[in-house]
J.: 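One structure, pasted below without further comment.
Computed from a prediction, not measured in an experiment: that's the story for all the values here. Numbers restart at 1 for each chain; the letters A, B, ... are given by sequence-line order, proteins then strands.
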Number of protein chains: 2
Amino acid sequence: MAAQQGPRRGKRSDKPTIADVAALAGVSVSAVSKVVNNRPGISPPTRQRVLDAAEKLRWSPSATAVALRGARTRAIGMVAGRAADVLAADPHFSVLISGIEAELAPADYGLLLHIVGEEPSAEERAYRRLAEERRVDGVILTESRIGDTRFELLRQLRLPAVLVGTPWRDDPVVSVRAGGEQDAGIREAVDHLADLGHRHIAYVSGPEDRVHTVFRRRVFEAALEERGLRPTRIVVSEFTADAAVRAVRQLLAEPQRRPTAVLFANDTMAVAGMSAARRLGFEVPRDLSIVGYDDLPIGELVYPRLTTIGQDLVQLGRSAATAMFALLDGSPESAQPPPVRPPSLIPRESTGPAGGVGG
Amino acid sequence: MAAQQGPRRGKRSDKPTIADVAALAGVSVSAVSKVVNNRPGISPPTRQRVLDAAEKLRWSPSATAVALRGARTRAIGMVAGRAADVLAADPHFSVLISGIEAELAPADYGLLLHIVGEEPSAEERAYRRLAEERRVDGVILTESRIGDTRFELLRQLRLPAVLVGTPWRDDPVVSVRAGGEQDAGIREAVDHLADLGHRHIAYVSGPEDRVHTVFRRRVFEAALEERGLRPTRIVVSEFTADAAVRAVRQLLAEPQRRPTAVLFANDTMAVAGMSAARRLGFEVPRDLSIVGYDDLPIGELVYPRLTTIGQDLVQLGRSAATAMFALLDGSPESAQPPPVRPPSLIPRESTGPAGGVGG
DNA sequence: ATGAAAGCGCTAACAA
DNA sequence: TTGTTAGCGCTTTCAT
């Protein structure tokens, strides 16, 4: 009742504010504030009246006002330093984001996405703005690079950061990654192939400026050597389908040193590689076995279904978000999250016994 | 100079504020504000001093403060009402987002993403919070539904909205869509198949609560009839790979009324359907021709490459962002953006002459 | 051309 | 237990 004379400037029916709620509930604004923030010192009846008033007015605290006041922004940032089309082609990001969102949404946090080009300067600018403009409480990063400068930048900017993946050297950053045997997946894949009789196994790696790229290649080499096999061909290229196609052409060109199995650095490349092989007249898995990495949905869509090394990207995303929350709560000790299930081989249809025409 | 006694509360080296810049430049805060907002009434020398000071302090206006003051949030919202994993499997969204970001980024706008579950209530809640908390200046929607309630909600919330796609009935909403012949793609596809001798063409549609789903099916039927063919089988299902597989099984089950070509409502289903057919022993395109819709990157990755109906999703995203800007600038007349190139057939390898074993 | 001051909606000291 | 009030960093009249 007793709506004050004219309801604030000009337009009526403007968004309600904390003052409106306070007025309707017949209490002070600080009482309302205490209620919505679960602060002590409010009697149950008062509390209820405030809640009712807020409900009736469909009011919830203005995120910007809260943020300005110094509290949380309730938003986490993510900067993708890749060309937009590359990103669209590789669902890796989407899956990760799904996981992150799964944690953010219930906490009523939003994900502020910035897709900037490949140039590092654009990336840096994006982080700077995120920090300077105080748009987010923290950022989640992926794909740490060798000699990564982002963490240093973020520390300067005092922007809490969580990395999905393995940090470079001892970059003092909170990171979430697969637990225990991070190399388990690749080892299993190599064992799987070796057990199937493959002796010529190739690995198509991605650009070696990434920490995980190098790590995976090394694990591959080590695993092969342990089985007494020599790493047959390592083709380093880019993370694109085209690169995968070129790599396969090259691998299959010379009959005498042709591999009977190929491991790819990710599923997109593996699928592209598989198609390329078939276009060249090789049957999969009869003439060539193919293994991917990531276990993206696409692997189950294609024919034959892609054998791949699965890492739980969704869970990785969730953990990253959880870690971020811990970090923001000022408990960096507990921020290092429990490890995620290690990557493991998911045998499907694209691998089979060695001994086709390519043998 | 003459930094005031202690530089504000506690910690020094806190983020600089407009006051710091003003002090360093030896002017008032309002002068600084005018400069950064390109307001008139500032002499060139003063202007320069302010710019220099801001530069030196690495200051840029706090987004939250600006937003609170009533100006722009510089963020656009997007709510995905789908299960996170579905979303990850269908890159449709990612591609669209690429396009949107391509426009937002240069304007220094961010994209605030919310992935909520399938339940409509969660979706509504997300929009409400976006509006009530004033987190974004507007939202971009996709996939208008028949009887869509979102636009009414958004109007209530006074949240500017732009739809990518065809609105339901005359939902008074700004929308971006393909120009001219929106049915061009499907007609071309039907012509293409008919010219190849196909007489039994099936269409695997998605859930018919979507506006575009129904539209596409109708165009398909009309196009077939114009060629004197009867729409052979319409299987309505969900937008998932599994559904596509089931549909294909069903279509290929009865030899006497088996189609020789199938059009799918999207590329993901088409790829899944193609695999299913091949698993059942049908060669593509020898025994069965397949056509997708969207022209997602996956279509070029698989073997055989997918013939599909391409719509420029990236451009659609860009246009949506552009339209949003116009809307926010208060020029709704100019908000309706120029139409995007109409969808058109992209013939690749998954279609061929009718007359395989299935004929 | 420039500056002082009043808020935007909220939280947290501090009073009562 | 409750209310008063001073800002958070910025924009914008309104004076000067």
J.: With a cut-off of 6.0 Å (strictly less than), are more than 12 heavy atoms of other residues, nucleotides or ligands near CD of Glu55(A)?
T.: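 Not more than 12 within 6.0 Å, no.
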J.: Using atom CD1 of Ile42(B) as one end and atom C1' of dG3(C) as the other, report the distance to the nearest whole Å.
T.: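 After rounding, the reported distance stands at 10 Å.
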J.: Taking C-beta and beyond as the side chain, do Trp168(B) and Arg145(B) meet within less than 4.5 Å on heavy atoms?
T.: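 Side-chain contact under 4.5 Å: no.
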J.: Should Arg39(B) be listed as having a side-chain N or O under 4.0 Å from OP1 or OP2 of dT12(D)?
T.: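 Yes, Arg39(B) has a side-chain N/O under 4.0 Å of OP1/OP2 on dT12(D).
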J.: Can you measure Leu57(B) atom CG to dC10(D) atom P for me and round it to whole angstrom units?
T.: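 Nearest whole value for this atom pair: 11 Å.
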J.: Test for a donor-acceptor pair under 3.5 Å between the base of dT1(D) and the side chain of Thr46(A), counting only N and O atoms.
T.: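 There is none.
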J.: What's the verdict on salt bridge (charged side-chain N to carboxylate O under 4.0 Å, His left out) for Arg158(A) and Glu132(A), showing C-alpha distance, side-chain angles and the deciding distance?
T.: CA-CA 10 Å; Arg158(A) 302 198 181 186; Glu132(A) 286 166 7; over 6 Å; no
J.: Report the nucleotide, chosen from dC10(D), dG9(C), dC10(C), that has the shortest atom-to-atom distance to any side-chain atom of Leu68(A).
T.: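 Selected nucleotide (nearest to the side chain): dG9(C).
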J.: Describe the nucleic acid contact of Val27(B) in one word from base, sugar-phosphate, nothing, applying a heavy-atom distance below 4.0 Å.
T.: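 Since only primed, P, OP1 and OP2 atoms lie under 4.0 Å of Val27(B), the category is sugar-phosphate.
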J.: Using a cut-off of strictly less than 4.0 Å, decide whether Ser43(A) has a side-chain nitrogen or oxygen near OP1 or OP2 of dT2(D).
T.: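 For Ser43(A), the contact criterion (side-chain N or O under 4.0 Å from OP1 or OP2 of dT2(D)) is met.
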J.: Just wondering, are more than 12 heavy atoms of other shown residues or ligands nearer than 6.0 Å to CZ in Arg125(B)?
T.: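 No, not enclosed.
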J.: For dG9(C), does either OP1 or OP2 sit under 4.0 Å from a side-chain N or O belonging to Thr17(A)?
T.: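 The answer is no; no side-chain N or O of Thr17(A) sits under 4.0 Å from OP1 or OP2.
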J.: Would you mind reading off the distance between Arg72(A) atom CZ and dC10(C) atom P, rounded to a whole angstrom?
T.: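 Interatomic distance, CZ of Arg72(A) to P of dC10(C): 19 Å.
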J.: Answer yes or no: does a side-chain N or O of Ser62(B) lie under 4.0 Å from OP1 or OP2 of dG9(D)?
T.: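 Ser62(B) to dG9(D) OP1/OP2: no side-chain N or O under 4.0 Å.
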J.: Any donor-acceptor pair under 3.5 Å between the side chain of Lys15(B) and the base of dG9(D)?
T.: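 A donor-acceptor contact between them is absent.
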